[in-house]
Structure formats: C-alpha cells, structure tokens
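Residue numbers start from 1 in every chain, and the chains themselves are labelled A, B, ... in the order their sequence lines are given, proteins ahead of strands.
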Amino acid sequence: MSTIDLSALTAREVRRGIASGDFSAREVAESAYARIEALDGEVHAFLQLTPELAFAAADRVDRARAAGEELPPLAGVPAGIKDNMNLIGTRTTCASRILGNYESVYDCTAVSRLLEAGALPIGKCNMDEFAFGSSTENSAYGPTRNPWDLERVPGGSSGGSAACVAAGMASISLGSDTGGSIRQPGALTGTVGLKPTYGRVSRYGVVAFGSSLDQIGPFGKTVDDVALALEAISGADVMDATSSVEPVDPYSEALGRGAQGLRVGIVSDMLAMEGCGEEIRRVVNSSAETFAALGAEVGEVELPSAQHGLAAYYIIGPAEASSNLARFDGIRYGRRVPDADDVLDLYMRSRAEGFGPETIRRIMLGTYALSAGYYDAYYGQAQKARTRIIQDFRAAFERFDVLLTPSTPEVAFRFGEKSDPYTMYLNDYYTIPVNLAGNCAVSVPSGLCTTAGMPMGLQIIGDYFAESTLLRAAAAFEEATHFEPVPPLVRALTGTEGGE
Amino acid sequence: MAKDRLAEVLERYEAVIGLEIHTEITATNTKMFCGCPVAFGGEPNTRVCPVCLGLPGALPVPNQAAIEWTVLAGLATDCDIALWSQFHRKQYFYPDMPKDYQISQYDLPFCSGGLLEVEVDGDGVAQRVDLGGGVAAVGPEAVADDGGYRTTIGITRIHLEEDTGKMVHVGGSEGRIAGATHSLVDFNRAGTPLMELVSEPDIRTPEEARRFAQKLRSIWLALGVSDCSMEEGSMRVDGNVSIRRRGESELGTKSEVKNMNSFKSLHDALAYEIVRQADLLDAGDRVVQETRHWDAGAKRTSALRSKEEAHDYRYFPEPDMVPFSFDPEWIDSLAERLPELPDARRARYMTELSLRKHDAGLLSADFAQACFFEEAVAIAGAARAKPVANWMLGDLAALLNAEGIELPESRVSPAMLAELVGLVEDGMISGKQAKEVFGDMAASGDAPGAIVEARGMRQVSDTEAIESVVRGVLEANPVEVASYRAGKTGLIGFFVGAVMREMRGQGNPKVINEVLTRMLSG
Amino acid sequence: MAITESDVRHVALLARLALTDEQVTTLTAELGAVLGHIDELQRLDLAGVEPTAHPLSMTDRTRPDVVVPGLSRELALLNAPDTDGTAFLIPAFAGAGEES
Ligand SMILES: [Zn+2]
C-alpha cells in the first residue's frame, strides 16, 4: 500500500509535493486507487474507474517535472468526475440504465480544462439518475454511502463526487448543481462544495437537467482547493452560448484576506423555516458571530420570495428536464427494446424501461406543466416567481457582500427514510433559490451535530460573478473554525496503517 | 382535373389560401447551431457532430450569419425586424429530429408584418372570377394595363429554425413509408438553417399562390440566401386551404396540403383541393381539418395517417440560448447590404433599357437570367438591350427548354450572345443568317464571329459593290425597269430577288433596297 | 386543478412513456401530491411581473460562421443500437407523428 494519505493532503499540497520531488504523480494515483480498493466496496462513490487515463495523465506530469517544466496548477491532483460529464475513453451513464453502455465521443469543456490543468481523472462518480435526487438512492447502479456513516446517504445528486473526496479517494471532484446537488452533498459529507454563478463554467458536455439552472462546480477538502479547481474550469466557451465572458479572477489569490469589513447578512426568514433543525439554526447564528469577531459587519436580511423557490423550482426544473431528456429515445444511442413493433412502440417502451421512477416522475411533472392549458398556471407563474426571487437577491446584495443560510435543513438521513418525493425535495429548500437567481454559493463544513455526529454545512451566497468575495468569506470562516472533518471510516483506515 | 371545373367552383366559392414556405439557408458555411458544413446529399452521417446529432450534453450556439440572412430576407419583404427576439423549443418526437425537439421561434420571431406584391397575368387572371369586367373587388389594387392584376399578400412572419435529418424507408415501394420494413436515418441535413415564412391567408386562387411562391423565390435568389431548389427540397411550400360561399365572411375548415415539389404542383394541388372541398360541401358533407399529401403522379391529394394524438408542442423559451436584442443601427447597416430586388430591377429595365414590361418582368424575375442579360448588355451596349432580350426570351429560352437545362449550363455565354447581336445590328449578317449562327454556336460553343467567317456568311453592305450588281441587273431587265418607272413599284421585290441571287444571298437587303430605289428613280 | 388518471395517460403519451396501469395510479397520486404542495404558486399575485427564462441578462451570444471538424461516421454511429454501417436503422415507421 502506498504511503501517501490523500485525505491528509490538499490539492495544493499534492502539487507542491510533486513539484518538490517528495513523491511522483504516479504514486499519487496509486494511493488514490489503493484507497478506493480499501473503501469503495462499501462507499460506492465510483461507477467506473479509469486507471489508464489517470496513469497516462500522471506520467505526463512526471515527465514534465523531469523535463524541468513549470507544472500546471492541478498537476497530479486526483479528481473524480460526476458521471453526467462526457470524457472520451469513459462511459457516461448518468447512473441510468438507459445510458448503461453509452461511450463518450467528445469531452466536456469543464473536464477538459480540469485535465489540462494537470488533474488525474480517477473515475466517474455515482449520482442520482440524471441528477434527479438528493441522496444518490436514485442511481440505477446502487446508492453511494456516506463515509461518515454507511447507513446514511451522502446527499445528492453529486453524492459520489462528494463521498470520494470525503473518503480521500480523490483530492477534488466535479459535480453539477441544479438545485443544490453540489452544496447539499458537500454539507452532508463534510466537504466544501461550490456552485458557481450561472454562466461562470461552461455547461458543454454535462448532460443537461435544467439548462437555465445547471452549473458544474468543484468539491474539495478546503476552500483553497475549490478555488484552484474553479479557476481551472471557469471562463467563456464558444460551445456554450450561456457561458459568460466575464473575466476569470485568480480566485485562490483572494483567500487569506480575512473578513474585515465584509458585509454579512443572515437570511432571517429562511432560517426560520419550519423543518430546519435547531442545532443547524444555532450553528448559522454562531457562524455569524464568528464573522463578526473577524471584523465583518453582520446584519439580517429577508428574502420573502425565496420561500416560493421550491414550488417554482419543481415546475421549471422538471419542465426543462422533460425537454432535455426527450433525446433519450433509443434511436441514435442508449437502450432500445429489442422487439419494438414500430417507432412509437420503440419510444414508449425504451424510455419507460430505461428510466427509473424519479426520472419518470420529473418528466411527467415537467411535461404536464408545459402542456396545453397548464402552461400559464404552472410554467408561466413559476417564471414570474423566479423574477421576484431574483429581485429579492438583488436587493439583498445592495446591502450585503455575502448572505448566510444553512446548506440543508438537517444532516444526512438514513437510507429509505424519505420515501415521499416531496419530503426529499424539502432537503434543497436553502439551495434552490440560489439556482433560480443564478448566484454563486458555497457550502462550508460548520461542525458536527452533537446528536448524530454528522457534518453540518454553512451556505454562503455571493453576488453574480463575485466568487472571489464568496471564497474569501468562506476561507476566513474555515480558518476561524479550525474544523478539519475526517470521517471515522478514514480515521480507522489511516490509523491502522499507521501512516509514514 | 379540368380547368373549367375549377372555374365553375370558383364562381360559387371563394378560396382562402395561406402558404408556409420553408427555405434552407444554403448561403452559410455552417449549420444553424454547430460548425458542420451545409451541403446537399453526400455519404450518410458524414457531416455531423455532437450538437447536430443531439448527443447528451451537447449545446447549440446560433450561427450569426444565418441570423443576418434571415433579417435580410425580412428586410427584402418589407417585414418589421424585431428589436427583441428569441428561440423557443417546439417539442415532438420524430426519428429524424435528433433532440426530439426543434429549436424554432414562437412568439418572438426575427421578422413579422411583411408584404409581397404579386402580379397575375395571362390565363391565371380568369381564376379571379370576382374581378370580372376588370373591377378590383377585393384585395387587388388595380387591374394592370396588360389585362393582369396586382394584389398584395401579407407576410405574417419569417422565423429561423433548424432542419431535420432525412429518412429512407426500406422494403416498401419507391421509398414510401407504406410497406416499409425498416428505415435508415441520415443526419447530414439535420441542423441546416431553415427560414419559415408564413403568409397571411390573403391568397384567393391557385395562380396567386404560384405567383407568390415564384416571386418569393426570385427575391431569395436575388439576395443569394438560398439555392431555392424545390426538387432537392431546399425550398418547400405547404398550403392551408379553405373555401367559403361567395359573400360569406366566416372562414371554412381548412386542410393543409404538403409535398408540392414544383410550382406546377403547388398550383395543381391547391386547385384540386379547392374542387375536392367544394364537392364535399355540395354533397352536404363537411371538410375535415387534416394534412393532405399531394401525389403529382396521380394528381390528387390524400389524407396522411391521422396522428394518435392532437399536437401539443409545449413551446417554451430555449434555455440553452439567450435572447437577441438587435440594435436599430445594426439593422440599418444590414439594409445597406440589400442587393437590387426583382421589382426594382424590372423598373430599371423598363426606364433605362426601354424594355417592354412583360420582357422586363421575365428577365428580372430570374436572378441567373438577369445576371446573364446584364452581362450581355454591358458588352453589346444599352442601345442593343432590346435585341439581347429578344434573343434570350426567344431562341435561347426555346433552346434551354428543348434541352431541359438551366441557363448557366448552356454553351451560350453572355459575350457570345452580345457578339451575335452586334453582327446583326451592324448589318454583317441577316436575321435569317443569325438564327443559323445561333444554332451553330449553341451546339459547338464557338464564337459567332468565327462561325460567320468559317461559313463565308459575311453579308455585303458595301454600297459600291452593290451598285455594280444593281447596274447589271437593271441593264439585263429593261422591260421591267420601264414598267417600274411607269408606276408598277411593286416590281421592287423582283429586283431585290434578282440582286440577291446575283450576290448568292450575301448582300445586305437594307442596302440593296436603298440602292435599287435610288437607281430606279434616277 | 387536481390531476386525473386520464391526464396522466395523456401526458405519458406526450412524453413517450409506456406506463403500466399500476404506474398510472401511483403517478396520479404522487404528482397530485407534489402539485398540491406547489399550489401556492397559483395564489401568488404576480400580475405585471415579467417572466424570467434566464437568470442573467445576457443577450446576442452567437458564433461566427466557421466550419469546425465534426465526428467521423464511425464515432457518430458508435453508440447506435442498430445501423447498416452508414445510417441509424429503425424499425417500421407507423406514424410516430409527422412534421416538417
Ligand atoms: Zn454538427
């Protein structure tokens, strides 16, 4: 077994270690696969491992170092890729049976950029089918388990991406966030998860769920790692007409400037949400005190329309998804029933048999909301509610630089605990309004709850394209709390190994 | 179907026709939303990419040039150009449509509220039975001086969308769906920029529909936006037809007619459909709202298999693209790119080149023909525009028709035609000889001057040479000379013939006539 | 606006999903419950509010009309369930709806 403990090393430390010759990129990759070998049988963070790609990338890094070249910012950093992002040489299944054998024939822009920055593609991460869910229980290939407690969900939909970082199988990973699918699993696994401003990262190559909501974003153990990864994947892309031409800041350089003078607003009306756990509420208030102690100006703000976010989201998201998933029809790719009588029969049965229950629910809901006679009442009304939510955020950011809410109303729940779809949807109460408005937000670990010992997350929300400010606030909070969450599973493993 | 049957029906019923015309933009290098090249045919699935195959994760990015061509098309048809517009998704499942939705435009198209003036002359005029006696009853502004009339057809909108792929049905007869065992799908065409023009239901006769489509084609060709090939499907015309009893204002139930692959089909299919609907109403039946397929061979329309559901396209704003906010100055700058359009060209031919309206109209309507004409006139000189036009609309048109080819494929070039006209006008050859030379040059591609040389045809116009022949003829026929001088001037033809025979047909008849008249009276 | 089984069957056809009777019953209940929860939207007075289709106020994003290499036919057909080597092969076509 390799001597490198990735769960103890940040991405920055990995690159530094390779640059200074402490270890090679190949050794880093070996250690990642060793950890996967040890833990992923239980965790199931990965749907597919890609050692050929990872070792080829590692060897490129090692050759570059041997040649004395300047190493790219993520050189040798092992990365997990959510399985809804295309990468040549991998299957991209979206954790769906309908794409079980689907092989990528082109690369997702964000993945390409991450790999160009020197990252090693370790494998494709488990997720809720087509990103519909908050637990990875909707994966057609079995759920991912939370490294903090294997009886509990890691969150979702990017549950595999979160769990692989939490368990030290990768230093960083990419997830996608449509209504909280990065921040919620980040909170539930004690990792940092960032949803960038809509348009900050190209969506080209990530299988679309809600096109006006989706953003790819990074997971990491630290805010610094997330900033490094964001820097690598951000920026305009000719292949995505909704990617922004706003300049990409050197995000990691904004860190370490503290929170002095930052205007921090607690979203008081959202915090008062009925289903929010007491301890989670308390932690947000104490986080605000932490900011105040760091010299920030802390106040309260309300987002009165955000309470309608969930309702608007469960129209807009499914509406867009129902359209985006029409292409899985068994004609050009994907599962096709072998005995179709005609094309209509082929469509109807290939789709019904290929999609899981939650996917079918979302497609049905979205199709209904757009259908003749219901458009105005549902989709039209949701679009207007979305306008109101945007207005609320705009007003709030006139008074504050960042806003605080919990990332989730509760900590990781047990498998099967939320069998009613709507109860599951409520888990994204705090994260959804941010997707509707398009702002950036990050979930930062804020401590372990005293009852279950599970991680909690603080959601910090930033203004459009104000990722520098957002990450600065997150880093200041991270530094002040000194909370370095390591799951018991990993502690046990590294403990028995005894380290170096 | 007999022509008089349509006339009889139109005596009692008024037809209300609107057209939907899809035109592929063939002027762009690339497809509507991806960088694949735009071209016709080719090996199946060789001009495709993740975007136009609708692969998971691929995103559309609109082609700036296709948008500009659409705005130009709108400007050329008097449309208002929207300052705020966007794409929508039109959703339905079909195997040749990769994403199972078509990116199209809905309530915010690029162009709307346009107009097209259409002139009808010749046989088609009679279809407007309401215009009997030359009185403009509805719509047409005036009855033009040549027995035709002019009418203005509204253009509801022109929007931009993407074309579908193509399916080949295998196992049935002649590639038809009926009887096929399976189909093959080729996505080379998928994503080609497609303009859809929707007319107002202002059209009243099949002839007006044909003229509208022809006029539109001539404008698109002048713009250069498309090759407008109805055979290859780059221009596709569908018609919505209903009829109502004359005097009634309420619209009847309409049927939609598809698969009209030529202007003749368009006319004949609409005529058939009008009569079919009249027969139904006359028999006390109702017209069913449906889509009907024109079979040009059988000369009839038939109902397409009725769908298993009513259409519900679930349009919603395309979230993969952002809206368009056009700057009026940008629109003005595009307007400056507009070339001379057929109507303006016709007016110029009439005023500057003194062509007759009919000839000017024919030459200006076809862009390739207009280019040929102008090139020939540039060489021959404006004063000789008329004979150039006569040759083009006469012998050259007949030749092309006989050979079944288009003007650009002909061996006859503008320069050759200009040279031929010059030879005639300069008196070098006679009109009769010119026809022989034309036939020769069209077959061989040789220059007319060279043909005249080779065949020794050069006409003698030299007055002195002719005078000497005339002198000989007069001396040889004293009796006829005396009769002529006594008043039998009809004998001039006898003398001309005699001189011509003497000169083996190479004398210039005009000069011979002059010389004879002078010497006989002298 | 309670959703009925007949609505669910109609929507399933629009979405091309062959549902069993049991699925229709379950989905009618589940969708009804979700729609009930989000019924609050109907009660909001949003008259005069502009709808938002996109969170950011970007406009006019286009690409230049330049050819870029696409996929080889081999890659285009790589994931096809059935082909004849040149094109995507599908079974007999019995009117899955037609359009131009
Ligand atoms: Zn393409």
Asks: Tell me if a side-chain donor or acceptor on A:Ser104 pairs with a main-chain N or O of A:Arg91 at a distance below 3.5 Å.
Replies: no
Asks: Between the side chain of A:Arg351 and the main-chain N/O of C:Arg16, is any donor-acceptor distance below 3.5 Å?
Replies: yes
Asks: Between C:Thr83 and C:Leu89 (side chain of the first, backbone of the second, donor and acceptor by atom type, cut-off under 3.5 Å), is there such a pair?
Replies: no
Asks: Heavy-atom distance under 4.5 Å between the side chains of C:Leu35 and A:Tyr314, does that happen here?
Replies: no
Asks: Considering only heavy atoms, which portion of A:Asp240 lies under 4.5 Å from any heavy atom of chain C: side chain, backbone, both, or neither?
Replies: backbone
Asks: Given the side-chain rings of A:Tyr464 and A:Phe393, with only the six-membered ring counted for Trp, is the space between their centroids under 6.0 Å?
Replies: no
Asks: With a 4.5 angstrom heavy-atom cut-off, is it the side chain or the backbone of A:Leu213 that approaches chain C, or both, or neither?
Replies: neither
Asks: How about A:Asn439 and A:Asp463: do any of their side-chain heavy atoms sit closer than 4.5 Å?
Replies: yes
Asks: Answer with side chain, backbone, both or neither: which region of A:Ile331 has an atom nearer than 4.5 Å to a non-hydrogen atom of chain C?
Replies: both
Asks: Side chains of A:Leu99 and A:Thr92, heavy atoms from C-beta outward: is any pair under 4.5 Å?
Replies: no
Asks: Using a cut-off of under 4.5 Å for heavy-atom pairs, which of A:Arg349, A:His308, A:Gln307, A:Met239 has the most such pairs with chain C?
Replies: A:His308
Asks: Could you look at C:Ala12 and say if it's the side chain, the backbone, both or neither that has a heavy atom under 4.5 Å from chain A?
Replies: both
Asks: Among the options A:Tyr102, A:Tyr425, A:Phe355, pick out the one with the most heavy-atom pairs lying under 4.5 Å from chain C.
Replies: A:Tyr102
Asks: Would you say A:Asp214's side chain and A:Phe209's backbone share a donor-acceptor pair under 3.5 angstrom?
Replies: yes
Asks: In sequence, state the C-alpha distance, the side-chain angles, and the governing distance for A:Phe328 and A:Phe130, and then conclude on ring-ring contact (aromatic ring centres under 6.0 Å, His included).
Replies: CA-CA 11 Å; A:Phe328 302 107; A:Phe130 287 108; 4.9 Å; yes
Asks: Just give me the residue among C:Thr26, C:Leu44, C:Thr20 that pairs up with chain A most often, heavy atom to heavy atom, under 4.5 Å.
Replies: C:Leu44
Asks: Measuring only between side-chain heavy atoms, which start at C-beta, is A:Asn324 closer than 4.5 Å to A:Ser211?
Replies: yes
Asks: Check whether A:Ala382 gets within reach of chain C through its side chain, its backbone, both or neither, counting any heavy atom under 4.5 Å.
Replies: both
Asks: Got a donor-acceptor contact below 3.5 angstrom from the A:Asp428 side chain to the A:Thr431 backbone?
Replies: no
Asks: Does any non-hydrogen side-chain atom of A:Tyr374 lie less than 4.5 Å from one of A:Tyr379?
Replies: no
Asks: Just to be sure I understand the criterion: a residue of residues 58-76 of chain C counts if one of its heavy atoms is under 4.5 Å from a heavy atom of chain A. Which ones qualify?
Replies: C:Met58, C:Arg61, C:Leu71, C:Leu75
Asks: With respect to chain C, which residue among A:Asn101, A:Thr242, A:Ile363 yields the maximal number of heavy-atom pairs within a distance under 4.5 Å?
Replies: A:Thr242
Asks: With side chains defined as the heavy atoms from C-beta onward, is the minimum distance between A:Ser371 and C:Leu14 less than 4.5 Å?
Replies: yes
Asks: For chain C, which of A:Asn435, A:Asp345, A:Leu365, A:Ile389 has the most heavy-atom pairs under 4.5 Å?
Replies: A:Leu365
Asks: Do the side chains of C:Glu40 and C:Arg43 get close enough for a salt bridge, i.e. N-O under 4.0 angstrom?
Replies: no
Asks: Under the 3.5 angstrom rule, does the side chain of A:Glu320 hit a backbone N or O of A:Ser212 as a donor-acceptor pair?
Replies: yes
Asks: Output the residues of residues 45-55 of chain C for which the shortest heavy-atom distance to chain A is under 4.5 Å, in residue-number order; output 'none' if no such residue exists.
Replies: C:Asp45, C:Leu46, C:Val49, C:Glu50, C:Pro51, C:Thr52, C:Ala53, C:His54, C:Pro55
Asks: If you count heavy-atom pairs under 4.5 Å with chain A, which of C:Ile90, C:Leu27, C:Leu77, C:Ile38 comes out on top?
Replies: C:Ile38
Asks: Do the rings of A:Tyr378 and A:Tyr368 sit parallel, tilted or perpendicular, given the 30° and 60° boundaries?
Replies: tilted
Asks: Can you tell which of C:Leu41, C:Asp7, C:Val8 has the highest number of heavy-atom pairs within less than 4.5 Å of chain A?
Replies: C:Leu41
Asks: For A:Ser243, is it the side chain, the backbone, both, or neither that has a heavy atom closer than 4.5 Å to a heavy atom of chain C?
Replies: both
Asks: Report the option among A:Arg335, A:Gln391, A:Arg386 that has the most heavy-atom pairs separated by less than 4.5 Å from atoms of chain C.
Replies: A:Arg386
